[in-house]
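I'd like to ask you about the structure that follows.
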Amino acid sequence: MKKGDHLFLVDGSGYIFRAYHALPPLTRKSDGLPVGAVSGFCNMLWKLMLDARNTDVGIVPTHFAVIFDYSSKTFRNELYPEYKANRSAPPEDLIPQFGLIRQATRAFNLPCVEMEGFEADDLIATYARLAREAGGDTTVISSDKDLMQLVGATVGMYDPMKDRQIGIPEVIEKWGVPPEKMVDLQALTGDSVDNVPGVPGIGPKTAAQLLEQFGDLDTLLARAGEIKQDKRRESIIANAEKARISRQLVTLKDDVPVSEGLDDFVLHAPDGPKLIGFLKTMEFTSLTRRVAEATGTEVGDVQAVAVTVERADAAHGPDVGSGAAIVQPVSRSQTSEAGETAASGTATTKVGDTPSLLSAFRLERATAAKIDTTAYHCIRDVAALKAWVAEAREAGLAAFDVRATSSDPMQAELIGLAIATTPGRAAYIPFAHKSGNGDLLGGGVLENQIPLRDALALLKPLLEDKSVLKIAQNLKYDLVIMSRYGIDVAPFDDTMLISYVLDAGTHHGHGMDALAEKWLGHTPLQLKDVTGSGKSSVGFDQVDIDKATAHAAEDADVTLRLWLVLKPRLAAKGLVSVYERLERPLVPVLARMEQRGISVDRQILSRLSGELAQGAARLEEEIYQLIGERINIGSPKQLGDILFGRMGLPGGSKTKTGQWSTSAQLLEDLAAEGHELPRKIVDWRQLTKLKSTYTDALPGFIHPDTKRVHTSYALAATTTGRLSSSDPNLQNIPVRTTEGRKIRTAFITDRSHRLVSADYSQIELRVLAHVAEIPQLRQAFADGADIHAITASEMFNVPVEAMPSEIRRRAKAINFGIIYGISAFGLANQLSIPREEASNYIKKYFERFPGIRDYIEETKAYAREHGFVETIFGRRIHYPDIRSSNPSLRAFNERASINARLQGTAADIIRRAMIRMEEALDKAGLSARMLLQVHDELIFETVEAEVEATIPVVRHVMENAAMPAVSMSVPLHVDARAANNWDEAH
DNA sequence: ACAGAAGCTTA
DNA sequence: GTAAGCTTCTGTT
């Protein structure tokens with residue numbers, strides 16, 4: 001086993017009991033043999049190994065073993081004879097299943113592991129330790145709390161019955177303590193099932209609270225006298241010894257002298273005939289069919305096999321029955337050839353015997369069937385649609401792709417929908433295609449389409465079915481449209497977001513074309529290929545239905561294949577929780593924010609536009625007077641030629657294309673030297689910028705029906721994890737100048753409502769203080785002090801009380817510079833000082849805050865070694881050029897990687913807040929709704945009467961957003977206020 | 001009709 | 001010095 005490998009350890013004994021009790025209907029084979037637990041077990045193994053109906057575990061393991069208890073007597077009985085003493089014998093109909101489950105394990109080509117004197121849990125602990133030491137990761141397939149003590153950075157758990165991952169946050173959520181304190185918690189609470197005594201009167205809540213207070217069990221027992229509650233104190237003092245014994249009983253032994261090593265657990269591909277032989281015997285028909293399909297085995301070619309059924313009295317002893325050989329299945333055509341290898345070699349697909357090939361299994365499935373755009377189906381009648389819906393249900397998943405009249409989901413009308421169930425099998429359902437050769441009135445709706453309402457009535461139950469996973473590329477678009485048609489799509493996966501989590505920062509994008517090219521080596525049909533381009537282009541609803549089918553169904557097919565390839569990679573790279581906690585849940589939240597929109601006052605903008613036009617016209621005349629001719633002031637080329645060419649102003653510099661630079665900074669400098677013209681040009685630019693980008697453009701975005709402005713948020717556009725906003729961009733509405741701020745007064749509510757703006761104060765600097773562990777900064781934030789003044793005071797030995805504003809300004813620039821991955825060149829530019837001086841500032845800063853230099857060096861070294869950096873929540877951002885031999889490209893990547901950890905962590909924090917916000921407001925009975933996000937600010941709309949109640953809820957969610965995943969050493973602080981427009985609320 | 005550069009807006 | 005998106009101009013297709 002090596003780094004990157006992933007070991008699955010199935011708690012076989014735990015599973016048997018749980019499945020037996022959890023699966024209510026008593027499943028029996030036709031001869032009366034009870035097989036409910038065996039059936040559940042086989043389905044679980046198959047899913048875990050490679051079924052396309054992926055589970056939440058989402059991991060492709062490289063090593064796999066099933067662990068069993070050997071007998072009920074273990075070393076713990078010597079420690080405490082009563083241990084597990086009150087266990088009753090297993091139920092009658094469960095007993096034969098113990099052996100069957102071991103045989104099932106072997107039929108899956110998986111190792112069965114058990115050892116006398118040890119429980120399965122001890123073996124699991126031992127193998128998890130061995131895997132960790134080898135650099136690999138482990139997932140324990142169990143939901144037993146006794147195993148939760150193993151959870152850590154490289155060890156996770158997965159509950160196969162609830163399809164849920166259990167990591168550090170889940171343990172904390174459930175038990176109130178981190179995994180490493182689980183033994184102490186169990187020592188206090190005891191366990192009535194296993195007869196672990198514990199301390200009477202102490203349950204999980206009290207135990208967690210005590211451990212929080214005292215830190216650990218030993219400290220608690222030593223200082224038990226300090227406990228205020230009389231009964232509790234006395235009970236703990238009286239039962240201290242029981243607690244110590246309990247701890248020994250619940251502590252798993254991770255150094256069992258195991259006979260098999262991890263290398264014996266290398267996962268082998270399933271042997272189709274062998275497995276099918278067993279499944280057929282068990283009469284698990286639907287699993288048999290699935291396995292046959294996946295392994296390319298003909299079910300008819302395989303004979304059922306004999307199985308050994310244990311006597312009831314053997315259940316407690318060593319599992320003799322499982323040792324008996326299973327009669328090997330032999331394919332009919334191969335009867336003359338004895339032996340497993342020969343028989344299976346011809347009947348299975350070419351799935352090899354190495355772990356990497358198992359990962360390749362998915363890739364192979366995704367690429368095996370050639371993409372043939374002429375092979376797709378077109379669904380034109382209700383019967384066909386019903387059949388496809390049933391097929392998707394049976395598959396448990398479907399990729400889909402919506403076709404609509406606009407790329408803006410708030411304006412788009414549905415035209416059709418494509419669906420794919422397995423690679424190469426996809427269909428398009430046209431609802432609203434029109435004849436392309438229509439007259440001025442437009443073509444009529446074509447015949448032979450299922451009417452929109454009927455089609456949606458059939459699709460809605462599927463799209464909302466909890467047991468069918470819907471897969472899409474850029475799902476938010478489809479979600480907004482479907483929501484407008486009354487359909488709430490769930491559950492879902494988004495291939496674009498999976499790619500973003502896997503590969504943010506790499507040189508390939510996350511759009512369908514880029515992904516199809518990279519992973520499938522395929523270029524899908526382009527929209528232009530079917531609609532035409534330019535003046536002769538037509539709407540998708542006028543595209544010939546055959547062409548539309550080829551295009552839309554191909555997209556669904558490609559999406560499904562991408563999902564098959566990408567989803568397992570998430571787990572292989574330990575990124576499942578980033579995807580599931582930071583990305584996927586935000587999609588519906590953003591969809592709702594976009595749908596709500598924000599009210600913008602057309603009249604205010606119109607009045608402002610007039611004022612700006614007047615101001616600009618006046619300046620224009622004055623500028624013409626000064627330069628003596630009527631050039632296009634908006635043309636930097638013409639302007640540069642006049643200013644530095646004809647008029648000969650000093651200090652001209654050139655841009656990289658050889659043009660004169662006319663940047664604001666340069667013009668400001670000239671203005672400061674007393675030149676009249678540059679000032680007027682700067683002012684003119686400001687006015688025309690405000691006019692064209694904001695006052696003139698925004699009214700065009702007011703939706704005709706809702707009368708509100710609906711921005712679009714991109715989840716996968718930035719490298720760092722920030723969102724971006726477009727059409728219109730509401731994340732760059734002016735705020736710095738008084739003129740610009742007037743734009744914000746046009747973002748309004750009606751009289752009975754208010755806008756609430758809540759923003760994080762200095763979040764990135766706080767993240768820096770936390771991750772770089774800077775004592776002075778932590779203290780300053782804890783005290784609520786002026787962080788820039790503190791920095792200045794440390795650097796220049798000036799007391800904070802008498803801080804000159806210029807000194808503070810420089811310290812502030814340095815603080816920001818650190819976040820941006822400081823350089824002397826950049827700081828010098830920012831402060832308009834010589835580079836030498838900037839360089840000295842940085843040197844001095846690092847002397848005062850050596851932890852920050854360490855942090856920067858560590859980040860660079862990490863990025864160079866791994867090619868990526870991570871936020872504190874595990875988001876990965878790649879810097880493929882960090883090792884470039886081009887020094888400036890390399891330096892740029894270094895600065896970006898330093899910034900990415902901070903900006904990305906801040907972005908993760910506000911994402912977490914947004915994901916939790918709706919529920920928190922609901923629970924508080926508040927009607928406030930999130931409208932906008934501007935990186936460190938959230939804007940809400942609420943009824944006036946609820947403003948006072950809303951602000952504390954919002955603040956609480958935002959300030960605690962890092963918890964419980966990360967407990968920050970620096971408090972987060974949120975400022976919030978309410979008003980009737982965005983300017984006053986901010 | 002589109003793409004890139006320059007410039008300006010935000011966090 | 002980080003991260004974005006939009007408008008205008010300009011040159012090319």
Side-chain angles (χ1 to χ4, degrees), chain A residues 504-505 528 533-537 631-640 654-667 681-682 684-694 696-698 700-701 711-714 717-737 739-741 743-744 759-765 768 813-831 835 838-839 841-842 856 877 879 888 891-904 906-907 910 932-937 986:
Chain A
K528 269 193 258 169
S533 64
K535 245 199 287 190
S536 58
S537 71
I631 61 156
N632 183 348
I633 306 168
S635 162
K637 187 175 183 296
Q638 292 182 39
L639 195 63
K654 299 283 182 78
T655 67
K656 64 176 173 227
T657 52
Q659 295 293 326
W660 290 107
S661 167
T662 65
S663 69
Q665 178 64 59
L666 200 146
L667 297 182
I681 293 167
V682 168
W684 178 88
R685 279 188 180 161
Q686 190 201 5
L687 299 186
T688 53
K689 173 76 179 178
L690 292 175
K691 183 170 185 292
S692 65
T693 309
Y694 303 103
D696 291 353
L698 276 174
F701 287 101
T711 184
S712 173
Y713 288 104
T718 71
T719 46
T720 56
R722 274 190 178 180
L723 304 179
S724 77
S725 157
S726 64
D727 309 297
N729 179 355
L730 295 185
Q731 290 180 323
N732 71 346
I733 302 301
V735 71
R736 293 217 296 257
T737 65
E739 278 304 301
R741 261 205 301 279
I743 310 279
R744 292 197 170 214
D759 67 295
Y760 284 107
S761 156
Q762 309 280 14
I763 187 165
E764 288 173 3
L765 271 181
L768 174 69
I814 294 170
N815 277 335
F816 274 95
I818 297 294
I819 293 169
Y820 297 153
I822 200 153
S823 78
F825 182 83
L827 183 64
N829 255 341
Q830 175 67 29
L831 290 174
R835 231 180 48 212
S839 189
Y841 282 173
I842 295 170
I856 288 172
I877 301 134
Y879 289 94
S888 69
F892 175 79
N893 276 268
E894 288 172 353
R895 290 193 300 272
S897 64
I898 292 159
N899 173 256
R901 284 180 74 187
L902 306 173
Q903 187 183 113
I910 197 165
L932 303 177
Q933 189 250 42
V934 192
H935 308 308
D936 63 1
E937 176 187 15
H986 185 74

Measuring from the side chain of R744(A) (C-beta onward, heavy atoms only), which nucleotide among dT10(C), dA11(B), dG1(C) has the closest atom?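 Of the options given, the side chain of R744(A) lies nearest dA11(B).
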Taking the side chain of A717(A) as heavy atoms from C-beta outward, which of dG5(C), dC8(B), dC9(C) is closest to it?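 Shortest atom-to-atom distance from the side chain points to dG5(C).
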What is the nucleic acid contact for S823(A), judged by heavy atoms within less than 4.0 Å: base, sugar-phosphate only, or nothing?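 Here S823(A) touches the bases of the nucleic acid.
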Tell me what Q830(A) touches on the nucleic acid: a base, only sugar-phosphate, or nothing, going by heavy atoms under 4.0 Å.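 Result for Q830(A) = base.
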Using whole Å, report how far OH of Y820(A) lies from C1' of dA4(C).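 Nearest whole value for this atom pair: 12 Å.
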V735(A) to H986(A) - nearest heavy-atom pair and separation: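 Scanning both residues, the minimum pair turns out to be CG2-CD2, 3.9 Å.
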Regarding R685(A), tell me which of base, sugar-phosphate or nothing describes its non-hydrogen contacts under 4.0 Å with the strands shown.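 Sugar-phosphate: the residue R685(A), judged by heavy atoms under 4.0 Å, touches backbone atoms but no base.
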With a cut-off of less than 4.0 Å, is there a side-chain N or O of T657(A) near OP1 or OP2 of dA6(B)?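 Checking dA6(B) against T657(A), a side-chain N or O does come within under 4.0 Å of OP1 or OP2.
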Give me the atom names and distance for the closest heavy-atom approach of Y879(A) to A896(A).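 That would be OH-O, 3.3 Å.
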Taking the side chain of A813(A) as its heavy atoms from C-beta onward, which of dA11(B), dC9(C), dG1(C) lies nearest to it?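 Among dA11(B), dC9(C), dG1(C), the one nearest the side chain of A813(A) is dG1(C).
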Can you tell me how far C1' of dA3(C) sits from CD of E937(A), to the nearest Å?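 Going from CD in E937(A) over to C1' in dA3(C) covers 17 Å.
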Is T718(A) near enough to dA3(C) that one of its side-chain N or O atoms lies under 4.0 angstrom from OP1 or OP2?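 Checking T718(A) against dA3(C): no side-chain N or O falls below 4.0 Å of OP1 or OP2.
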The side chain of S692(A) lies closest to which of these nucleotides: dT10(C), dT8(C), dT10(B)?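 From the listed options, dT8(C) comes nearest.
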Between the base of dT2(C) and the side chain of Q903(A), is there a donor-acceptor distance below 3.5 Å?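 Under the 3.5 Å cut-off, the side chain and the base do form a donor-acceptor pair.
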Counting only side-chain N and O atoms of S724(A), is one of them less than 4.0 Å from OP1 or OP2 of dG5(C)?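 For dG5(C), OP1 or OP2 has a side-chain N or O of S724(A) closer than 4.0 Å.
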Can you tell me how far apart OG1 (T711(A)) and CG (L730(A)) are? Round to the nearest 0.5 Å.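 That separation rounds to 4.5 Å.
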Checking all strands, does T719(A) fall into the base, sugar-phosphate, or nothing category for heavy-atom contacts under 4.0 angstrom?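 If one applies the 4.0 Å heavy-atom cut-off, T719(A) turns out to touch the sugar-phosphate alone, with no base involved.
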Using a 4.0 Å heavy-atom cut-off across all strands, classify G817(A) as base, sugar-phosphate, or nothing.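 Result for G817(A) = base.
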Under 4.0 Å, heavy atoms only, any strand: does N632(A) hit a base, just the sugar-phosphate, or nothing?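 Counting heavy atoms under 4.0 Å across all strands, the contact made by N632(A) is with sugar-phosphate only.
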Indicate, with a heavy-atom threshold strictly under 4.0 Å, whether N729(A) touches base, sugar-phosphate, or nothing.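 Since only primed, P, OP1 and OP2 atoms lie under 4.0 Å of N729(A), the category is sugar-phosphate.
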For F825(A) and dT2(C), give me the distance from atom CZ to atom C1', rounded to whole Å.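 About 16 Å, once rounded to whole Å.
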Base, sugar-phosphate or nothing for R895(A)? Non-hydrogen atoms, less than 4.0 Å.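 Sugar-phosphate contact only.
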OP1 or OP2 of dG7(B) sitting under 4.0 Å from any side-chain N/O of T662(A)?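 Checking T662(A) against dG7(B): at least one side-chain N or O falls below 4.0 Å of OP1 or OP2.
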With side-chain contact (heavy atoms from CB on, under 4.5 Å) as the criterion, how do K654(A) and W660(A) come out once you've worked through the C-alpha distance, each side chain's angles and the decisive distance to 0.1 Å? CA-CA 4 Å; K654(A) 299 283 182 78; W660(A) 290 107; 3.6 Å; yes
Taking CG from D936(A) and P from dA11(B), how many angstroms apart are they, rounded to a whole number?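 Roughly 7 Å, once rounded to whole Å.
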With a non-hydrogen cut-off below 4.0 angstrom, is I822(A) in contact with a base, only sugar-phosphate, or nothing?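 Base contact - I822(A) has a heavy atom under 4.0 Å of at least one base atom.
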Which nucleotide wins on minimum distance to the side chain of N732(A), given the candidates dT10(B), dA5(B), dG1(C)?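 Between dT10(B), dA5(B), dG1(C), the one nearest the side chain of N732(A) would be dT10(B).
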OP1 or OP2 of dT10(B) sitting under 4.0 Å from any side-chain N/O of R736(A)?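 Checking R736(A) against dT10(B): at least one side-chain N or O falls below 4.0 Å of OP1 or OP2.
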Looking only at heavy atoms, which two atoms of R685(A) and L639(A) are closest? And how far apart?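 Looking at all heavy atoms of both residues, the shortest contact is NH2-CD2, 3.6 Å.
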For F816(A) and dT2(C), what is the distance between atoms CZ and C1' respectively, to the nearest whole Å?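 Atom CZ in F816(A) sits about 11 Å away from atom C1' in dT2(C).
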What is the separation between atom CD on Q659(A) and atom C1' on dA6(B), rounded to the nearest whole Å?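 Taking CD of Q659(A) and C1' of dA6(B), I get 10 Å after rounding.
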In whole angstroms, how far is the C1' atom of dC6(C) from the CD1 atom of I743(A)?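 Result: 14 Å.
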Using a cut-off of 4.0 Å on non-hydrogen atoms, how would the nucleic acid contact of Q686(A) be classed: base, sugar-phosphate, or nothing?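 Q686(A): backbone/sugar contact only, no base atoms under 4.0 Å.
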Contact summary for I733(A) and R744(A), nearest pair of heavy atoms: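 Residues I733(A) and R744(A), closest heavy atoms: O-NH2, 2.9 Å.
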Mind checking if A664(A) touches a base, just sugar-phosphate, or nothing, with heavy atoms under 4.0 Å?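 Result for A664(A) = sugar-phosphate.
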Looking at N732(A) and Y694(A), what are the two nearest heavy atoms and their distance?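 Scanning both residues, the minimum pair turns out to be O-OH, 2.6 Å.
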Options dT10(C), dC6(C), dG1(C), nucleotide nearest the side-chain atoms of N829(A):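 It is dG1(C).
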Need one value for A828(A): base, sugar-phosphate or nothing, where a base atom within 4.0 Å counts as base even if backbone is also close, heavy atoms only.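 Counting heavy atoms under 4.0 Å across all strands, no contact is made by A828(A).
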Assign A900(A) to base, sugar-phosphate, or nothing according to its heavy-atom contacts below 4.0 angstrom with the strands shown.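 No contact at all - A900(A) keeps every heavy atom at 4.0 Å or more from the nucleic acid.
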Mind running side-chain contact (heavy atoms from CB on, under 4.5 Å) on I681(A) and T662(A) for me, showing each step along the way? CA-CA 10 Å; I681(A) 293 167; T662(A) 65; over 6 Å; no
Given atom CD of E739(A) and atom C1' of dT9(B), what is their separation to the nearest angstrom?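 The distance from CD of E739(A) to C1' of dT9(B) comes to 15 Å, rounded to the nearest Å.
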Heavy atoms under 4.0 Å, any strand shown: does I733(A) hit a base, just sugar-phosphate, or nothing?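 Result for I733(A) = sugar-phosphate.
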